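Down below is the structure, laid out as structure tokens.
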Amino acid sequence: MNKVVVLGAGTGGTIVTNKLWKKLKKTKQPFELTIVDKTFKHVYQPGFLFTMFNRDKTENIMKDARKLVPKGVKKVMAGVIRIDTENKIIYLDNNETLEYDYVVLATGARIAPERVDWWDDSIHQFYTPEGAEKLYNAITQFEGGKILIAIGDLPYRCPPAPLEAAFLLDDYFRKKKMRDKVDIKFCSPLNRAFSIETVNTVVQPLFKKKDIELETYFNVEDVDTEEKVIYSLEGSDDDYDLLILVPPHAAQPYIVESGIAEGAGWVPTDKQTLEVKGQENMWALGDTTDIPTSKAGSTAHYEAPIIAKNIYNKIINNGKVDMYDGHVQCFFLTEFGKSLFIDFNYENPPKPGKPARHWWWFKQIFKPFYFNLVATGKV
Amino acid sequence: MSYQIAKTVDAVGSFCPGPLMELVRAVKEAETGSVIELLSSDKGSVGEIPKWCEKAGHELLEVVDVDDKVKSYRIKVGEKKKRRRRNKE
């Protein structure tokens with residue numbers, strides 16, 4: 001009996017479970033496929049950019065992950081405490097244990113404000129359902145002043161998201177006829193607005209056109225929320241009235257507890273085979289890896305089939321190893337009604353074109369497409 | 001030049017978030033005086049890595065060609081700047 005366990009039921013976890021189910025059936029060998037998740041609440045995270053403007057509701061961007069995977073998959077609702085990698089045993093917080101022959105780490109990234117000593121509740125973020133809803137209230141009550149957007153720590157999920165937030169805030173206050181009362185400033189950790197040069201050539205001129213102030217080389221070092229001042233690692237500081245930060249992120253604590261990774265717990269992962277370095281029969285995908293690419297659902301989407309194939313390859317012992325080529329696709333919203341489309345891999349940078357209405361509409365119809373076809377592993 | 005590399009950051013093929021972001025992240029977690037190696041195939045790194053090191057107070061020890069695409073940037077982590085909260089007096 002081949003025991004395969006997937007830890008986490010987010011984007012990577014549900015897709016890889018669906019793909020594995022199909023592949024394991026093909027081996028014609030007995031198997032048990034188990035998915036483990038603390039809550040089985042599956043969140044379509046790109047929806048936060050809409051819930052923060054009340055253009056979507058939190059309940060509409062969440063699904064029960066157990067309904068996204070095949071019936072024959074064993075579902076265990078529990079958190080992971082530790083993996084005994086030597087004996088291949090997973091210890092769960094419901095006092096149960098799970099033995100495995102093959103395990104996939106898909107437990108994503110969590111918000112980890114405890115990683116800095118300056119974070120408090122007056123700082124806004126839109127990386128959780130509650131954070132996005134709270135930010136909506138703050139935006140609607142904002143009567144004017146300076147909104148500052150910056151990256152609280154690295155790495156973080158969805159590199160375009162804070163820039164998209166800046167563009168949407170600009171549009172929101174223009175539509176509200178109070179843009180002249182609102183200064184919007186974006187602080188970039190780099191020497192330009194966005195990390196990918198080819199995309200930046202489109203995005204940075206738009207900042208100028210939309211009167212969004214840009215400060216470069218600003219890596220957040222400290223925030224004085226009493227005085228409303230933010231400080232950078234590079235030595236500059238700035239005032240604000242409303243502060244929106246990408247919060248510090250970390251992987252799940254069990255990864256460090258199990259000796260798989262150190263520090264924030266990003267799993268050392270081979271960027272092509274997706275095998276966890278130094279471990280046997282263990283793979284990782286999505287936000288939890290240390291692969292130098294976007295922490296985004298799209299990354300997990302294109303990684304999942306590679307892991308399913310590689311586990312299949314191992315089980316049938318065909319000597320093959322499939323490779324992930326770094327493929328990622330995403331939308332990049334530039335206003336309510338327009339978006340860029342980005343497509344790249346390890347070898348080829350994106351050629352984003354111009355912001356277009358059709359990409360905006362693709363993004364709108366993507367959510368049902370995501371729940372019905374992507375998360376279920378059909379595409 | 002004699003030094004020991006404490007950590008290698010492989011950012012080859014990284015477009016998003018990109019080599020500089022990977023370097024900043026590694027530097028934030030590193031000890032003062034330790035040496036970090038950044039592997040990058042991004043042509044933009046040639047200009048932006050030295051610029052950021054200078055601005056953030058780290059020393060770029062040398063840049064070594066690994067092959068015709070990949071360069072190895074060796075960075076000595078400078079003293080972390082003390083917090084400069086404004087004087088409230």
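All heavy atoms count here, side chains included; hydrogens, waters and symmetry mates do not. This is a predicted model, so every value here is computed, not measured. Residue numbers start from 1 in every chain, and the chains themselves are labelled A, B, ... in the order their sequence lines are given, proteins ahead of strands.
Contact of Glu22(B) with chain A is made through the side chain alone, with heavy-atom distances under 4.5 Å. For a residue to count as touching a neighbouring chain, one of its non-hydrogen atoms must lie under 4.5 Å from one of that chain's; by this rule Asp153(A) touches chain B with backbone and side chain alike. Residue Lys69(B) touches chain A through its side chain alone, counting heavy-atom pairs closer than 4.5 Å.
Judged by distance alone, the side chain of Ser14(B) and the main-chain N or O of Pro292(A) form a donor-acceptor pair under 3.5 Å. Lys271(A) places a side-chain N or O within 3.5 Å of a backbone atom of Val12(B) that can act as its donor or acceptor partner.
From Ser195(A), atom OG reaches atom CD of Glu48(B) across 9.5 Å, with rounding to the nearest 0.5 Å.
Heavy atoms from other residues, nucleotides or ligands lying under 6.0 Å from NZ of Lys351(A) number 12 at most. Heavy-atom neighbours of Glu62(B) CD from other residues, nucleotides or ligands within 6.0 Å: above the threshold of 12. More than 12 heavy-atom neighbours from other residues, nucleotides or ligands sit within 6.0 angstrom of OH on Tyr3(B). At most 12 non-hydrogen atoms from other residues, nucleotides or ligands lie less than 6.0 angstrom from NZ of Lys7(B). More than 12 heavy atoms of other shown residues, nucleotides or ligands fall within 6.0 angstrom of atom CG in Asp67(B). Crowding of Glu262(A) atom CD: a count of heavy atoms from other residues, nucleotides or ligands under 6.0 Å not exceeding 12. By the 6.0 Å contact criterion, CD on Glu114(A) is enclosed, its count of non-hydrogen atoms from other residues, nucleotides or ligands being greater than 12.
Contact annotation: the side chain of Trp52(B) approaches that of Asn219(A) to within less than 4.5 Å [non-hydrogen atoms, C-beta and beyond]. For the pair Tyr217(A)/Leu20(B), a side-chain contact is recorded, criterion being any heavy-atom separation below 4.5 Å from C-beta on.
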### Task
Kindly determine whether Arg25(B) and Tyr156(A) satisfy side-chain contact (heavy atoms from CB on, under 4.5 Å), including the steps that lead there.
CA-CA 10 Å; Arg25(B) 170 187 154 192; Tyr156(A) 64 97; over 6 Å; no
### Task
Go through the steps to decide whether Lys43(B) and Glu197(A) satisfy the test salt bridge (Lys or Arg N to Asp or Glu O under 4.0 Å), and finish with yes or no.
CA-CA 10 Å; Lys43(B) 287 175 190 164; Glu197(A) 182 82 59; over 6 Å; no
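Across Val220(A) and Lys28(B), no two heavy atoms sit closer than the pair O-NZ, 3.4 Å.
Note on Pro159(A), Pro189(A), Ser294(A): by heavy-atom pairs under 4.5 Å with chain B, the leading option is Ser294(A).
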